[in-house]
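Since the structure comes first, as structure tokens, the remarks are kept for the end.
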Number of protein chains: 2
Amino acid sequence: MEVRDLRALLAVVRCGSFTVAARQLGFTQSAVSQQVASLEAELGQLLVERRPVRPTAAGRRLAEHAAQVLLRLDVASSELARFRQRPGAVKVALSPLASPQLLAVALRSVRSQSPDLKVSVKSVVATEAINLLASGAVDAALVDGITGPSEPLHLSGTGLLTSRWVAQAPLVVALQRGHPLAARPEISLEVLADAPWLVAPALLEGGATRRHQGASWKEPVLYEGADLGTLLKLVGAGLGAALLPDWAVEGDDSVTGAPLSGARLVHRTELLTLRTDGAGQNPVIEAVLALSRRV
Amino acid sequence: MEVRDLRALLAVVRCGSFTVAARQLGFTQSAVSQQVASLEAELGQLLVERRPVRPTAAGRRLAEHAAQVLLRLDVASSELARFRQRPGAVKVALSPLASPQLLAVALRSVRSQSPDLKVSVKSVVATEAINLLASGAVDAALVDGITGPSEPLHLSGTGLLTSRWVAQAPLVVALQRGHPLAARPEISLEVLADAPWLVAPALLEGGATRRHQGASWKEPVLYEGADLGTLLKLVGAGLGAALLPDWAVEGDDSVTGAPLSGARLVHRTELLTLRTDGAGQNPVIEAVLALSRRV
DNA sequence: CGTGATTACGGTTGACGTAATCATA
DNA sequence: TATGATTACGTCAACCGTAATCACG
């Protein structure tokens, strides 16, 4: 089981083609074919069907393992690179609803203390943050999501990274102002079962909510963007209800937020970093943590 | 980053010697030296100090990653091997206090339904079970431990394996019969802070208890064996108190179990298996799960 | 037939082992 | 000085690319 072969398998499974996988990897089609064949020989079974190129059950499973192995190798090499050189610049990834206030205040305090430090912030979808950390493109990531009050956010690559809880906010059901349900002091998800529903996976991963809503729920309207203002306008226009952290609905007059009852869910943002194990910590991380402790 | 090199690094770190690492791996000393050197060149930093051979901070961290990567590769190859051949025999690992009753009943029912199936059971320390599963030496493992009522057992290799909750029992404080504290209806851990304490890591991993007992606790007496009878005799002889599942103290007349209060902890056993994703399930696993659902 | 995967084959690379060298307890 | 890691170097395996072949749409 060579790393190279696993990388080839993963690329082939993802691309659905030896040719384009080879292009991606910088090999010839022939080489990739041999690499996959070598895996198949070693394991004694077919991993991808050819013409059309489609993974077998075994191949699909091995590809999952391969993805995790390669991710960990990336994380390892990023971590080790960080052992070498102390950071002169700090890059932070930020998912759309990840308490930007917190980061803003932290950055201000960092700027005042060490003005020569280069700081850059990059906005990303939550699930992308792990890859950025793994590849070393960012030093830390503030990501957010919906979970139970004492559950961690479960992101795919967790365990490799350290995640620290940084902020937590109650969830509200965002409704068009004047909506009949908005009068209630609290709303349970069951009440909304038949209401139209807006889902914005790029803005806020609602993994936990999927589990809470039964099969009886309507197919939600999908908003593929990551812009909060647009989503609020859609809600305000009566297209549907959305689940958001309470502070997110403050800005828009056409939308009201009704507290959620029943479903024990919260909005949380966590700070993800590579495990650097002491030794020369990142000033931005320190500042964010100091703030979150005070809040 | 080659798998071979990572394996070499890990062996060197574990053995504290290039020579014996090489013997373990079936290489010459020279080869291992070159493999580690190759890693060091690639990462641009020293991973192990020589004379004496000791990992640097970076090396230690990389070795941790390496261990996880190699474990996952083992799991992958075991899983894939299982895709090939349907099992004619079933091997189960069992940690010392992992509800043996459950397995016994399950095995009886399996024997009656398919008498031609070879079944073997192997007793192991809980932490060893993962390696056995990964190497393919066993098909399933019943492991137990102490955690919170809704927390999973956190074992190092989890995430690679599927773990299913199979049984749960209240924890009791095992005390010498006639012990002054035994008269109480319930005992909190705080009350026992100054009492002598018996810890048996091979018998029952008390990971969670470590967190619950403050620094003020006495250094516990260590019992290195994995034999419940012996531990109970030690308790009965007044050597100290021990934390055990309630059914474990039934057998011995010199010991009583007092229910635990305050600390929200339980004893749980979980069934660990490779992810086989449907397709030809293991009859023993099915039987154990069927039983646990009934209980 | 044409696109795309496999197989055949040669060149080059690089990994391991032997043996000599070096360093440290 | 002896044990044990590194370095030098030759050999051999294997990996990749080119090119021919094969198979499926």
Which atom pairs, donor and acceptor, lie under 3.5 Å between side-chain atoms of residues 12-19 of chain A and protein residues at least two apart or in another chain?
residue: Ser17(A); atom: OG; partner: Thr19(A); partner atom: N; Å: 3.1
residue: Ser17(A); atom: OG; partner: Val20(A); partner atom: N; Å: 3.1
residue: Thr19(A); atom: OG1; partner: Gln29(A); partner atom: NE2; Å: 3.0

Mind calculating the distance between CG (Leu46(B)) and P (dA5(D)) to the nearest angstrom? 14 Å
Measure CD/Glu49(A) against C1'/dG25(D) and give the value in whole Å, please. 16 Å
Specify the separation, in whole Å, of atom CD of Glu42(A) and atom P of dA14(D). 13 Å
Checking Ser78(B) side chain against Ala134(B) main chain: does a donor-acceptor pair fall under 3.5 Å? yes
Between Ser38(A) and dC15(D), does any side-chain N or O lie under 4.0 Å from OP1 or OP2? no
What integer distance in Å separates Arg7(A):CZ from dC16(D):P? 12 Å
Do the side-chain N or O atoms of Arg51(A) get closer than 4.0 angstrom to the phosphate oxygens (OP1, OP2) of dC22(D)? no
Phosphate contact (dA5(D) OP1 or OP2) by Thr28(B) side-chain N/O below 4.0 Å: no
What is the separation between atom CZ on Arg4(B) and atom C1' on dA13(D), rounded to the nearest whole Å? 12 Å
So does Glu64(A) pair up with Arg61(A), basic N to acidic O under 4.0 Å? yes
Base dT18(D) paired with Ser30(A) side chain (donor-acceptor, <3.5 Å): yes
Partners meeting side chain to side chain donor-acceptor pair (under 3.5 Å) with Asp5(B) (sequence neighbours left out): Ser38(B)
Could you state the atom-to-atom distance from CZ of Phe27(B) to P of dA5(D) in whole Å? 16 Å
Is there a donor on the side chain of Gln34(B) or the base of dA15(C) sitting less than 3.5 Å from an acceptor on the other? no
Nearest-Å distance, CD (Gln29(A)) to C1' (dG2(C))? 13 Å
Separation of dA5(D) atom P from Gln35(B) atom CD, nearest Å, is 14 Å
